[in-house]
2 protein chains.
Amino acid sequence: MPARGKGRPRSFDRDKALQKALEVFWTRGYGPATVAELCAAIGINPPSLYAAFGNKDALFLEALQHYETTYWASPWQALADEADLRRGMERFLFAAAAILSSRDVPCGCLVVQNSGSVSPDSDEVRDALRLLREASKAAFLARLDRACAEGDLPPDADVEALAATFAAVLQGMSAQARDGAPREDLERIARASLAMLPVTRAPAPPAAAGR
Amino acid sequence: MPARGKGRPRSFDRDKALQKALEVFWTRGYGPATVAELCAAIGINPPSLYAAFGNKDALFLEALQHYETTYWASPWQALADEADLRRGMERFLFAAAAILSSRDVPCGCLVVQNSGSVSPDSDEVRDALRLLREASKAAFLARLDRACAEGDLPPDADVEALAATFAAVLQGMSAQARDGAPREDLERIARASLAMLPVTRAPAPPAAAGR
DNA sequence: TGGCATTCGTAGCAGCCGCTACAATAATCG
DNA sequence: CGATTATTGTAGCGGCTGCTACGAATGCCA
């Protein structure tokens with residue numbers, strides 16, 4: 001695989017092109033985005049796009065992976081690394097609120113928002129999106145399971161239900177961000193949802209419960 | 001407006017046609033659904049469809065209204081009528097779980113699922129969907145406000161945040177239903193989310209606060 | 001019975017879709 | 001220098017999109 005091949009060199013930066021394509025898919029949606037729009041945004045012609053990325057589906061899948069690693073890998077990692085469950089969840093959800101409502105970038109989540117925009121017969125793209133959505137639930141579940149084992153949650157907590165619910169909250173935050181909700185609103189959703197976490201029976205700080 | 005006009009009578013039932021169109025939009029999504037598909041499902045030709053409904057947008061908007069009144073009007077009304085907040089919320093969310101995961105009907109919510117499938121330049125359809133989504137949040141807010149006044153919630157509860165969060169949970173339930181989550185999973189989400197509601201401070205069983 | 005009003009099926013419009021054939025261009029190789 | 005190899009822009013393919021012109025069919029009303 002020669003880094004510098006023999007033929008005529010490519011006249012555009014493939015990574016920047018991928019970034020541009022991501023922006024188009026993000027703002028317009030997978031379905032509504034057209035190859036012509038993608039080409040215009042990148043500044044190339046259709047044959048160059050197809051030579052570099054294959055076809056529209058493959059380009060979207062590559063943009064999708066770029067999206068995940070660029071925007072979400074770090075928050076998920078931080079959730080896994082944080083020792084305290086509640087602090088970790090709060091930080092993750094606040095980071096999500098920032099991403100979903102950023103003004104530097106289209107609002108809402110590429111993965112959540114395109115669940116409806118992709119025609120039910122293009123299996124590959126649909127499956128890729130579904131798998132990413134299920135991965136979110138699995139990541140929450142893993143973290144909650146650990147919290148259960150470490151005493152951050154009571155041992156009988158329904159961690160699967162909690163994981164599914166936080167995944168639902170995340171999806172809802174994406175939808176409301178797309179509808180124009182500002183970052184503060186998303187943060188209030190994040191904070192409110194944290195109240196779902198059941199408290200561990202206190203080891204017994206001598207019963208002075210009064211506020 | 002004569003119920004029995006003068007010209008040749010219509011050869012199909014307009015209401016049944018609307019129901020069929022709703023099913024197509026529901027399963028395929030607004031964007032991916034084509035006029036040809038709609039015609040095939042109804043059993044008519046394009047000119048009949050355009051004569052009866054106007055165009056694709058108008059047909060969708062009418063199907064949307066039919067959807068809301070048929071499936072959601074009653075649960076929302078029940079939420080408003082139920083005296084006890086928690087019982088009302090639980091019943092509403094369980095009803096939602098049943099609708100969203102029903103096997104008689106496509107999974108997921110027409111309003112939530114089509115947020116991404118409609119091209120950003122067809123303003124009318126997009127606005128109609130957004131307004132319905134915001135109406136959900138407003139309905140939750142109204143019910144929570146009332147609960148606050150009636151003592152079902154503490155007076156300092158952040159009802160706006162709670163309303164937005166329940167709306168988010170509902171949107172997430174729709175997404176997960178579309179991804180194949182069974183009714184039981186959605187019900188566990190519903191139950192888990194109810195834990196967000198803050199408990200009212202007990203009216204004062206003389207200060208024996210220690211649990 | 002003969003208008004008249006409305007809907008019907010056939011057939012096809014212009015326009016956009018994803019995608020590609022083709023020849024010219026620009027680089028590395030011997 | 002050719003020869004080779006890859007990318008470029010032009011131009012356009014077949015197919016599907018939402019939508020409609022048209023004349024035949026079918027009902028009410030006078």
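All values reported here derive from a predicted model rather than from experimental measurement. Naming: A, B, ... by sequence-line order, numbering from 1 per chain.
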A:L49 CG to D:dT8 C1', straight-line distance once rounded to whole Å:
14 Å
Look at B:E187 together with B:R183 and state whether they make a salt bridge at an N to O cut-off of under 4.0 Å.
yes
Scan for ring-ring contact (aromatic ring centres under 6.0 Å, His included) pairs involving residues 179-200 of chain A, sequence neighbours excluded, and state none if there are none.
none
Enumerate the residues from residues 8-28 of chain B whose closest heavy atom to DNA chain D is under 4.0 Å, giving them by residue number; use none for an empty result.
B:R8, B:P9
Taking only residues two or more places apart in sequence, or in another chain, which ones meet A:R91 in a salt bridge (charged side-chain N to carboxylate O under 4.0 Å, His left out)?
A:E82
Do B:L129 and B:S115 have side chains that get closer than 4.5 Å, going by heavy atoms?
no
For residues 156-182 of chain B, which residue pairs pass the salt bridge (charged side-chain N to carboxylate O under 4.0 Å, His left out) check, not counting sequence neighbours?
A:R133-B:D179, A:R188-B:D158, A:R188-B:E160
Rounding to an integer number of Å, can you tell me how far A:K6 NZ sits from D:dG2 C1'?
13 Å
Check the phosphate of D:dT8 against A:S48, side-chain N and O only, distance under 4.0 Å to OP1 or OP2. Yes or no?
yes
How would nucleotides 11-18 of chain D be written as a contact map, 5' to 3', with B for base contact, S for sugar-phosphate-only contact and - for no contact, using protein heavy atoms under 4.0 Å?
------SS
Would you please name every residue forming a salt bridge (charged side-chain N to carboxylate O under 4.0 Å, His left out) with A:E37, sequence neighbours left out?
A:R28
Whole-Å distance, B:F53 CZ to D:dT20 C1', equals 18 Å
To the nearest angstrom, the CG-P distance between B:N45 and D:dC22 comes to 18 Å
Relative to each other, are the rings of A:Y67 and A:W26 parallel, tilted or perpendicular (30° and 60° limits)?
perpendicular
Roughly, in whole Å, what's the span from CG in A:L38 to P in C:dC19?
11 Å
Smallest separation among heavy atoms of A:S102 and A:C107, with atom names
O-SG, 4.0 Å
